[in-house]
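For the numbers below, each heavy atom of this structure counts, side chains included, while hydrogens, waters and symmetry mates do not. All residue numbers in this chain count up from 1 along the given sequence. Both ligands and their constituent atoms are indexed starting at 1 by order of listing.
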Amino acid sequence: MHPSHHRYDVLVVGGGIIGLVTAWRAAQRGLSTAVADPAPGGGAAHVAAGMLAAVTELQYGEQTLLELNLASARRYPSFAAELEDATGLGLGYRPCGTLAVALDADDRADLRELHTFQTSLGLRSEWLSGRDCRRLEPMLAPGVRGGLRVDGDHQVDPRRLAAALLRAAELAGVVLHRSSAARIETVRDRATGAVLDDGTMITAGRTVLATGSRSGGMPGVPEHALPPVRPVKGQILRLRVPPGHAPFLSRTVRAVVRGGHVYLVPRENGELVVGATSEELGWDTTVTAGGVYELLRDAHELVPGLTELPLVETLAGLRPGSPDNAPLLGRSALPGLLLATGHHRNGVLLTPVTGDIMAELLTTGSVPESARPFSPTRFTLQEQPA
Ligand code: GLY
């Protein structure tokens, strides 16, 4: 039997939220588009909490990434409305804001510094006393020493986002090949598509690599063109607030506890997500007793009442980490191969702008000015003129 052979303008390798938004936007712009993934709509988004935390997850030295994060946060309301209209599926987008709190004097000093940094950048973030934090969120521990109220950091349900993107892509005419790419094909040093595990051959004008944490090891891509992306493990828990029970929290609540980050993301359907570890352990996705213990211990210090809730799910996923924690969006060193990967902690947040940027690149050949700092070429060693 001959393997089947298909041709498209664009092949997107990887059907997580980043691959799907790229494919959806490409198809909307009239490009014949296919996605290769054995389980499209899965990937890291199945694990992620869905915080849109541009301001509360701000790190020193990441001001360029902050601009992109803020741009994507601003895009979310219209992006969510468009996706919901296109599919009839809700995303669970909640403009609920975030409260970041301190539990001891060291945490308080850390949070004060973050506040100074945020305000120096003109970001909206208000310092609250411990009492004011508890007035906003009465389930918080009495020992909370103060906190930051960030009304612009919202949340979305990543599983619903993935489901809606999958539906939108199909409705826009994207063809789904439910198989992994075995290797990227090249002809005369140009990417020309991929061969899939099931033997299907796909020829494409442009191939987009969007396989998240696995992007750094795609067979067929020459070493110099592979993105420097590595897996960063995150363990996460899902609790459930029983129907009829008063809501536990009205907004996302987060804290640094003994140097580790913990966040609680309450959904309207009663799900309460507790995340997340950050571990450099390669491809390991084991849920460990230690990981669950640390998350529950820290979450319990923050909101003591939550240990009464049923624990309904424990999971570990792999963030696609890059050397500077920012995504790689644009042309790779291999002609014909584009990258949309390396989103690290911000994949859900950056989904709307990633779709816009990749569609622009696929249709015009260049990326918007705001995306230039995220070109994959920033990691390519270039000979300096003498
Ligand atoms: N942005 C949250 C996380 O990666 O855990």
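- Between the side chains of His5 and Thr203, at least one donor N or O lies within less than 3.5 Å of an accepting N or O.
- Protein residues with a heavy atom under 4.0 Å from ligand 1 are Met51, Glu57, Tyr263, Ala276, Arg319, Arg345.
- Each side-chain hydrogen bond (donor to acceptor under 3.5 Å, both in side chains) pair with one or both residues in residues 290-299, not counting sequence neighbours, appears once here: Arg258-Asp298.
- Below 30°, between 30° and 60°, or above 60°: for His177 and Tyr8 the angle between ring planes is above 60°, a perpendicular geometry.
- For Lys233 and Asp284, the salt-bridge test passes: some basic side-chain N is under 4.0 Å from an acidic carboxylate O.
- Nearest heavy atoms, Val150 versus Thr56: CG2-CG2, 3.6 Å.
- Taken to the nearest 0.5 Å, the CG atom of Leu272 stands 10.0 Å off from the CZ atom of Arg240.
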